[in-house]
Amino acid sequence: MGSSTMLRVLIVGNNPNLMLYTSRFQLAKSVELYHVSDSKSNTFTVETKEYGSDQFQLENHFTSISNLIEAFKQSSEHSSIIFDMIVLSAASLQEISSSASHLNPMININTKLFLESSGFVQLEPFVKMSLDLPNLNIFSITTDCDIRQVGPTQYKQFGEQASSSIYLGESSFAKQQQQQQQNSKTSPANSSSSLGQIATKYPKNLIALLDTFQRLFEKLFPNDKISLCNYSAAEFVSQQWALAIPKICFEPLLILFEETIPSELHQHILAKPLISGLVTEVITVMKSMGAKLNGNMENETSLLSHWQRQFPNPNETPSLVYHFAKRTASLNTDMLLLQPILLADDYGIKTPYLEFLYSLMCQYQKLNEGKSKWFTRIEDQQDVKSKLKLMADEKIRLKDEVANLQKSLQDKESQASKKQVQVLQNQLGSFRQEIANLTKRHEIDIQKMREEKNVLTNGYHQKPVNGNHWNDREAVVQDQYGPTGTPNLRDIED
């Protein structure tokens, strides 16, 4: 049972970044860690440039939130299932809402909930609408660390940079600040001011909470930078957009044009108008939200060049392309592309390029999962060809084996027939010999009987009949009976 002074932490989801956080939390002695993901195994390996390779086993690992709740109910060691901190990720907007709804039994007003938002923008409202505590503070956590899932339970950091940055903040608060500023506009000067100039800080209670978690993460990630973006919701949203724009505008196009080298994307003629349209729409939505990029980064050329410089090695592809090709992790198409469309709709901005890209990526995802009626990936086709070749080889092998068995059977039958013929011949020879012996003995017996008959016949006619004749006859008769009392032929003849 965990001590009351320990921080009870729950990490839920399959996003690769969550495994990075898990690998560090499980090292903290003052943390009672629980983990929920689709993995059937509770042993994981995480390899980073700053902290090396770490293989660990999670004692409290579950495959669903319902299994975790059931385990708490059956355990006599835990009187409460309330968590102090929850880190949540999802693969779609719908999954965010459903997962948040399942978390209701495990939160109270003191629970701090962080939403993994690396590459995404302002997802907190989808969590809030599903919680029973609408006033609960929902924070976002974002990192530029390129962690990828390379196996079922293996994760590895890619990219050239060693140290990474982790950003903590509350992006939905920027929208509240915008609304307050719009309501406070009273002069033409204020009405013409740009929404991108919003720099209002978080309230004091949020600042105190963020300071606390900044210290926590600095202990967990001593070699990385933990930033609160100057306690500004607008700056935090700007940082979210800075990480999201390449994943929205460039990486999906690599998939569409079957290109793996970022520096070659602009060489595709059909990609150029798509890049221009997507960047224009995204920058428009970003500015409408009061966010802005650092330096001269708010144009197509600078954004594309900055993104391409992140991949100096031509053999290394961006994470979205990697996960699409390897099929090891979700592409998070909803949160990546649909969310900007919904944000644009809030501001009345038309986004035909984003909507086209979202529809196309949904279809590509369907194709990638093997659910398409007409198309298949070349790897799947090669797998089918390999299986057919193996089946053909197996058929030939079985035919040869059957032929060998038939030949062996015929040989055995031939050998068996020869042996049977030899045995019968031997038996026939024995029978013939036995018959010959019996015939010879029979002839000898008949010859003896004939001789005895002649002797008796001759003796009967030569001897005179007198008084002693009957005595002699009686003696002869007695002599002619065998030891068994069987009469001899002489006696029968008399």
Side-chain angles (χ1 to χ4, degrees), residues 1-91 95 99 102-103 105-106 111-116 118 141 143 145-158 164 166 213 216-224 319 322-323 326-330:
M1 184 177 71
S3 171
S4 59
T5 59
M6 297 182 69
L7 183 70
R8 181 179 286 181
V9 177
L10 171 63
I11 298 180
V12 182
N14 300 296
N15 191 295
N17 287 340
L18 259 64
M19 194 49 61
L20 171 65
Y21 309 146
T22 302
S23 67
R24 304 305 299 169
F25 269 105
Q26 59 93 21
L27 296 175
K29 297 180 180 180
S30 60
V31 171
E32 183 183 351
L33 181 63
Y34 292 81
H35 182 257
V36 176
S37 73
D38 292 340
S39 174
K40 303 300 181 184
S41 172
N42 68 335
T43 302
F44 301 90
T45 302
V46 177
E47 182 180 345
T48 60
K49 299 182 184 301
E50 284 290 346
Y51 307 106
S53 179
D54 183 17
Q55 183 176 19
F56 53 91
Q57 190 175 62
L58 299 176
E59 180 181 355
N60 299 314
H61 170 76
F62 301 88
T63 55
S64 68
I65 298 176
S66 58
N67 289 344
L68 171 62
I69 295 176
E70 185 64 26
F72 267 94
K73 290 180 179 179
Q74 295 179 358
S75 175
S76 60
E77 297 182 358
H78 300 90
S79 59
S80 172
I81 62 173
I82 301 299
F83 284 89
D84 302 310
M85 178 182 179
I86 298 176
V87 183
L88 173 66
S89 77
E95 187 179 331
S99 297
H102 293 151
L103 291 175
M106 294 180 284
T111 301
K112 306 304 178 291
L113 200 154
F114 283 82
L115 185 60
E116 166 55 33
S118 302
I141 178 171
T143 179
C145 183
D146 188 3
I147 291 289
R148 305 181 190 181
Q149 185 172 357
V150 297
T153 58
Q154 293 82 39
Y155 299 81
K156 181 180 179 181
Q157 181 182 358
F158 284 68
S164 305
I166 297 177
F213 284 102
L216 172 63
F217 276 88
E218 285 175 344
K219 292 180 180 180
L220 297 175
F221 296 87
N223 299 332
D224 296 317
S319 60
Y322 179 89
H323 286 140
K326 302 297 183 180
R327 292 187 279 197
T328 53
S330 172

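In this chain, residues are counted from 1 in sequence order. Please read these numbers as outputs of a predicted model, since none were measured by experiment.
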Side chains of [X] and [Y]: does their closest heavy-atom pair fall under 4.5 Å?
| X | Y | result |
| --- | --- | --- |
| Phe158 | Ser319 | no |
| Ile11 | Val36 | no |
| Pro152 | Phe44 | no |
| Leu103 | Ile86 | yes |
| Gln157 | Cys145 | yes |
| Lys49 | Ser164 | no |
| Leu115 | Ser89 | no |
| Leu220 | Val31 | no |

With no hydrogens and no angle check, just 3.5 Å: does a side-chain donor-acceptor pair link [X] and [Y]?
| X | Y | answer |
| --- | --- | --- |
| Ser64 | Ser66 | yes |
| Ser53 | Gln55 | no |
| Gln26 | Asp54 | yes |

If you round to the nearest 0.5 Å, how far is [atom2] of [Y] from [atom1] of [X]?
| X | Y | atom1 | atom2 | result |
| --- | --- | --- | --- | --- |
| Tyr322 | Thr328 | OH | OG1 | 5.5 Å |
| Ile166 | Leu20 | CD1 | CG | 6.0 Å |
| Met106 | Leu68 | CE | CG | 5.5 Å |
| Leu10 | Glu32 | CG | CD | 11.0 Å |
| Ser330 | Glu95 | OG | CD | 8.0 Å |

**Item:** Pair Met85-Leu216, side chain to side chain contact (heavy atoms under 4.5 Å, CB included): steps then yes or no
**Value:** CA-CA 12 Å; Met85 178 182 179; Leu216 172 63; 4.1 Å; yes

**Message:** Suppose we call two aromatic rings close when their centres sit under 6.0 Å apart. Are Tyr21 and Phe114 close by that rule?
**Reply:** no

**Message:** Taking the ring of His35 and the ring of Phe25, is the distance between their centroids below 6.0 Å?
**Reply:** no

**Message:** Ring-plane angle category for Phe72 and Tyr34, please: parallel below 30°, perpendicular beyond 60°, tilted otherwise.
**Reply:** tilted

**Message:** Against Val46, only a single residue in Met19, Lys156, Gln154 fulfils side-chain contact (heavy atoms from CB on, under 4.5 Å); can you say which?
**Reply:** Met19

Do you know which two heavy atoms are closest between [X] and [Y], and how far apart they sit?
| X | Y | value |
| --- | --- | --- |
| Leu18 | Val87 | CD2-O, 4.1 Å |
| Glu116 | Ile141 | OE1-O, 3.5 Å |
| Thr153 | Thr43 | CB-O, 3.3 Å |
| Arg24 | Pro222 | NH2-CD, 3.9 Å |

**Message:** Evaluate Ile82 against Thr111 for side chain to side chain contact (heavy atoms under 4.5 Å, CB included), listing each step before the verdict.
**Reply:** CA-CA 8 Å; Ile82 301 299; Thr111 301; 4.0 Å; yes

Quick check: does any side chain N or O of [X] sit under 3.5 Å from a backbone N or O of [Y], one acting as donor and the other as acceptor?
| X | Y | value |
| --- | --- | --- |
| Arg8 | Asp84 | no |
| Asn14 | Asp38 | yes |
| Asn42 | Leu58 | yes |
| His61 | Ser39 | yes |

**Complete:** Sorted by chain and residue number, the salt bridge (charged side-chain N to carboxylate O under 4.0 Å, His left out) partners of Asp224 (sequence neighbours excluded) come out as none

**Item:** Lys/Arg cation over aromatic Tyr155: Arg148, 6.0 Å, 45° cone
**Value:** no

**Request:** Could you check Phe221 against Glu50 for side chain to side chain contact (heavy atoms under 4.5 Å, CB included), going step by step and ending with a plain yes or no?
**Result:** CA-CA 9 Å; Phe221 296 87; Glu50 284 290 346; over 6 Å; no

**Message:** One pair to check against side chain to side chain contact (heavy atoms under 4.5 Å, CB included): Val9 and Phe83. What are the steps and the verdict?
**Reply:** CA-CA 6 Å; Val9 177; Phe83 284 89; 5.8 Å; no

**Request:** Quick one: do Asn17 and Ser118 satisfy side-chain hydrogen bond (donor to acceptor under 3.5 Å, both in side chains)? Show the steps, please.
**Result:** CA-CA 8 Å; Asn17 287 340; Ser118 302; 3.2 Å; yes

